[in-house]
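Data block below; observations after.
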Amino acid sequence: MLYLAIVQHFFLSPPCFQKESVQISEPELLRQFTNVLRMREGDRFVALDDSGLEYLCIIELLSSNLVDARILEKRTNAGEPE
């Protein structure tokens with residue numbers, strides 16, 4: 001598995017999830033990515049979809065109005081209650 005380092009986790013709304021990518025354009029989340037966490041292209045994060053799934057993602061594009069990340073792995077969230 002690729003979960004060796006501590007990565008940030010984000011709860012995202014359903015429109016953010018595409019077939020093989022995650023696209024984030026919500027201003028508050030963009031501020032967190034760019035200003036608060038100072039994430040860069042190539043950084044990884046986990047996206048949670050509120051249905052019990054989690055997606056390990058790698059940032060491919062980070063701009064002031066969009067984060068575009070490729071989904072590397074999709075799995076059931078182990079911490080999700082039955």
Side-chain angles (χ1 to χ4, degrees):
M1 288 205 204
L2 300 172
Y3 294 90
L4 299 176
I6 296 174
V7 294
Q8 297 295 325
H9 288 64
F10 296 92
F11 288 96
L12 302 177
S13 60
C16 293
F17 294 91
Q18 309 300 313
K19 188 171 187 169
E20 295 183 13
S21 67
V22 172
Q23 296 181 340
I24 303 166
S25 59
E26 299 169 30
E28 183 56 34
L29 284 173
L30 289 170
R31 189 184 73 75
Q32 280 188 290
F33 272 84
T34 57
N35 298 339
V36 177
L37 299 171
R38 299 181 190 267
M39 297 183 83
R40 303 280 182 241
E41 292 173 358
D43 287 349
R44 296 177 179 188
F45 66 94
V46 173
L48 304 162
D49 69 358
D50 201 28
S51 73
L53 296 176
E54 64 182 28
Y55 304 80
L56 177 62
C57 302
I58 186 166
I59 299 172
E60 293 190 328
L61 172 71
L62 182 77
S63 69
S64 60
N65 59 353
L66 180 69
V67 172
D68 186 18
R70 182 170 36 96
I71 296 172
L72 300 174
E73 184 179 346
K74 175 181 164 181
R75 70 179 204 171
T76 303
N77 184 337
E80 192 70 25
E82 293 288 326

Please identify each residue that fulfils salt bridge (Lys or Arg N to Asp or Glu O under 4.0 Å) with E41, with sequence neighbours left out. none
Given the rule that I, L, V, M, F, W and Y join up when any side-chain heavy atoms are under 4.5 Å apart, are L61 and M39 in one cluster? no
Enter the distance from L12:CG to F45:CZ here, rounded to the nearest 0.5 Å. 6.5 Å
side-chain contact (heavy atoms from CB on, under 4.5 Å) involving L48 - partner list, sequence neighbours excluded: H9, F11, V46, E54, N77
Nearest 0.5 Å, please: how far is CG in L53 from OG1 in T76? 5.5 Å
List the residues meeting side-chain contact (heavy atoms from CB on, under 4.5 Å) with Q23, not counting sequence neighbours, and say none if there are none. Q18, S21, L66, D68
Does some side-chain heavy atom of L37 sit less than 4.5 Å from a side-chain heavy atom of F10? yes
Among residues at least two apart in sequence or on other chains, which ones pass side chain to side chain donor-acceptor pair (under 3.5 Å) with N35? none
Check residues 25-34 and write down every donor-acceptor pair under 3.5 Å in which the side-chain atom is one partner and the other belongs to a residue at least two apart or another chain.
{"from": "E26", "atom 1": "OE2", "to": "S13", "atom 2": "OG", "distance (Å)": "3.1"}
{"from": "E28", "atom 1": "OE2", "to": "R31", "atom 2": "NE", "distance (Å)": "3.4"}
{"from": "E28", "atom 1": "OE2", "to": "R31", "atom 2": "NH2", "distance (Å)": "3.0"}
{"from": "T34", "atom 1": "OG1", "to": "L30", "atom 2": "O", "distance (Å)": "2.8"}

Roughly how far, to the nearest 0.5 Å, is the CD1 atom of I59 from the CZ atom of R40? 10.0 Å
Nearest 0.5 Å, please: how far is CG in D43 from CD in E60? 12.5 Å
Just grab all the salt bridge (Lys or Arg N to Asp or Glu O under 4.0 Å) pairs involving residues 7-23, residues at least two apart or on different chains. none
